[in-house]
Amino acid sequence: MIVAVASGKGGTGKTTVSASLASVWPSPLVAVDLDVEAPNLHLFLNPEISVQEPSYIEIPEIDDDRCTRCRACTDICQFKAIGIFGDVVMTFPEMCHGCGACWTICPEKAITSGKRELGQILIGRSGQTKFIMGRLRVGEAMSPPLIRNVKRHLNNGNGYADRDVIIDAPPGVSCPVINAVMDADVIVLVTEPTPFGLFDLALAQKAFAPLGKPMGVIINRADIGTRDVYDHCQQTGLTILAEIPFQRDIAEAYAQGQIIVDTIPALRPLFETLVARIKTLYDHQRPCKEVRYA
Ligand code: SF4
Ligand code: SF4
């Protein structure tokens, strides 16, 4: 089973939940940090990193002598990453999504694939849990290809096939998080009972509903704010999987980079129940209703 922990909004406690879920998960696990712009999961899990390797995107390299300026490549590129200006053919590597259409279509075989570094992939182990994370190069805008490269490690027969997977997904509702959750079996949304939490939860629900995956919600800092998040979940058929209380000792554990379920044993039953509810959600395969507002 692949569980993606996501949130429409940053700062809801998504990584805190991911780390505690990894701690209580009963079967062999891979913990994957796909929040590649600001990966934090390793700060909780403290993995021993055994492999650190660069991750690349393929980009076009043009042989100026072969190129006849036919414009087939500029016409097919959806991202304006190749242009012909007068007699000059230029590439814009930062805008290239590495789809390969240009070098596939070039009639003169004037384009070969080069590469551009996106960031790093780090692989290791935290106790019995295998760990993978992507870390985007500072200033790099193209995070989805790095996310896909990290996920390829899961599919490449690296001993992960018999393990459940917990993904700490990026916040938001745009391409990075869609790439992160699209292969998941269950999406767990972490929110808080505030107007901001509600607004961004509804956005996330709307973004993920077309994927047709079972979704549930964890309400963090559950005893502050309003009941609007609860009403919203009831109205849209979104299962509330757990409520994490607003407590000083939880905030203190978080502030010290500790896994809250390890520091505060009283939270363990809450997270064990959460695991059981995620599995039930997965077994029943009940996709959430499509949300038509927000
Ligand atoms: S498709 Fe090939 S030959 Fe045509 S403009 Fe592009 S690089 Fe040149
Ligand atoms: S690889 Fe795709 S995105 Fe990149 S320049 Fe070629 S056609 Fe455009």
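Ligands are counted one by one from 1 in listed order, and the atoms in each one are counted from 1 as well.
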Does a sphere of radius 6.0 Å around CZ in Phe196 hold more than 12 heavy atoms from other residues, nucleotides or ligands, not counting ones at 6.0 Å or beyond? no
Min heavy-atom dist Trp103 to ligand 2 below 4.0 Å: yes
Any luck finding a side-chain donor-acceptor pair between Ser23 and Asp262 under 3.5 Å? yes
Which residue supplies the protein heavy atom nearest to atom 4 (Fe) of ligand 1, what is that atom called, and how far is it? Cys70 SG, 2.3 Å
Heavy-atom contacts with Cys77 under 4.0 Å: which atoms of ligand 2 show up? List them by number with element. 3 (S), 5 (S), 7 (S), 8 (Fe)
So is Lys279 actually on top of Trp25's ring, under 6.0 Å and inside 45° of the axis? yes
Tell me, yes or no, whether the heavy-atom count around Tyr254 atom OH, taken from other residues, nucleotides or ligands under 6.0 Å, exceeds 12. no
Do Tyr230 and Glu243 have side-chain atoms, one donor and one acceptor, less than 3.5 Å apart? yes
Element-labelled atoms of ligand 2 that are located less than 4.0 Å from some non-hydrogen atom of His97: 3 (S), 4 (Fe)
Counting heavy atoms not belonging to Tyr56, are there more than 12 under 6.0 Å from its OH? yes
Considering only the protein, which heavy-atom contact is closest to atom 3 (S) of ligand 1, and what is its distance? Thr68 N, 3.5 Å
If we number the atoms of ligand 2 from 1 as shown, the ones under 4.0 Å from a heavy atom of Phe79 are 3 (S)
Give the residue, atom name and distance (to 0.1 Å) of the protein heavy atom nearest atom 6 (Fe) of ligand 2. Cys102 SG, 2.3 Å
Among all protein non-hydrogen atoms, which one is nearest to atom 2 (Fe) of ligand 2, and what is the separation to 0.1 Å? Cys99 SG, 2.3 Å
Ring geometry between His42 and Phe131 (parallel below 30°, tilted from 30 to 60°, perpendicular above 60°): tilted
If you count the atoms of ligand 2 from 1 in the order shown, which ones are under 4.0 Å from a heavy atom of Pro60? 5 (S)
Could you tell me, atom by atom, which parts of ligand 1 come under 4.0 Å of a heavy atom of Glu108? 3 (S)
In ligand 2, which numbered atoms sit nearer than 4.0 Å to a non-hydrogen atom of Gly100? 1 (S), 2 (Fe)
Hydrogens and angles aside, do Asn149 and Ser55 bring a side-chain donor and acceptor to less than 3.5 Å of each other? yes
Within 4.0 Å of some non-hydrogen atom of Ala81, the atoms of ligand 2 are 5 (S)
Would you mind checking which non-hydrogen protein atom is closest to atom 8 (Fe) of ligand 1, with the distance to 0.1 Å? Cys67 SG, 2.3 Å
I'd like to check which ligand 1 atoms, numbered from 1 as shown, lie under 4.0 Å from a non-hydrogen atom of Ile111. 7 (S)
Heavy atoms only, cut-off 4.0 Å: how does Ile84 contact ligand 1, side chain, backbone, both, or neither? side chain
Beyond-backbone contact of Leu211 with Val181, side-chain heavy atoms, under 4.5 angstrom: yes
Looking only at side chains, do His97 and Glu58 share a donor and an acceptor under 3.5 Å apart? no
May I ask you to check whether Cys106 brings an N, O or S atom to under 2.8 Å from atom 6 (Fe) of ligand 1? no
Is the terminal nitrogen or CZ of Arg163 (NZ for Lys, CZ for Arg) located under 6.0 angstrom from the six-membered ring centre of Tyr160 and within 45° of that ring's axis? no
Can you tell which part of Arg71 has a heavy atom less than 4.0 Å from ligand 1: side chain, backbone, both or neither? backbone
Would you mind listing which atoms of ligand 1 come within a distance below 4.0 Å of any non-hydrogen atom of Cys73? 1 (S), 5 (S), 6 (Fe), 7 (S)
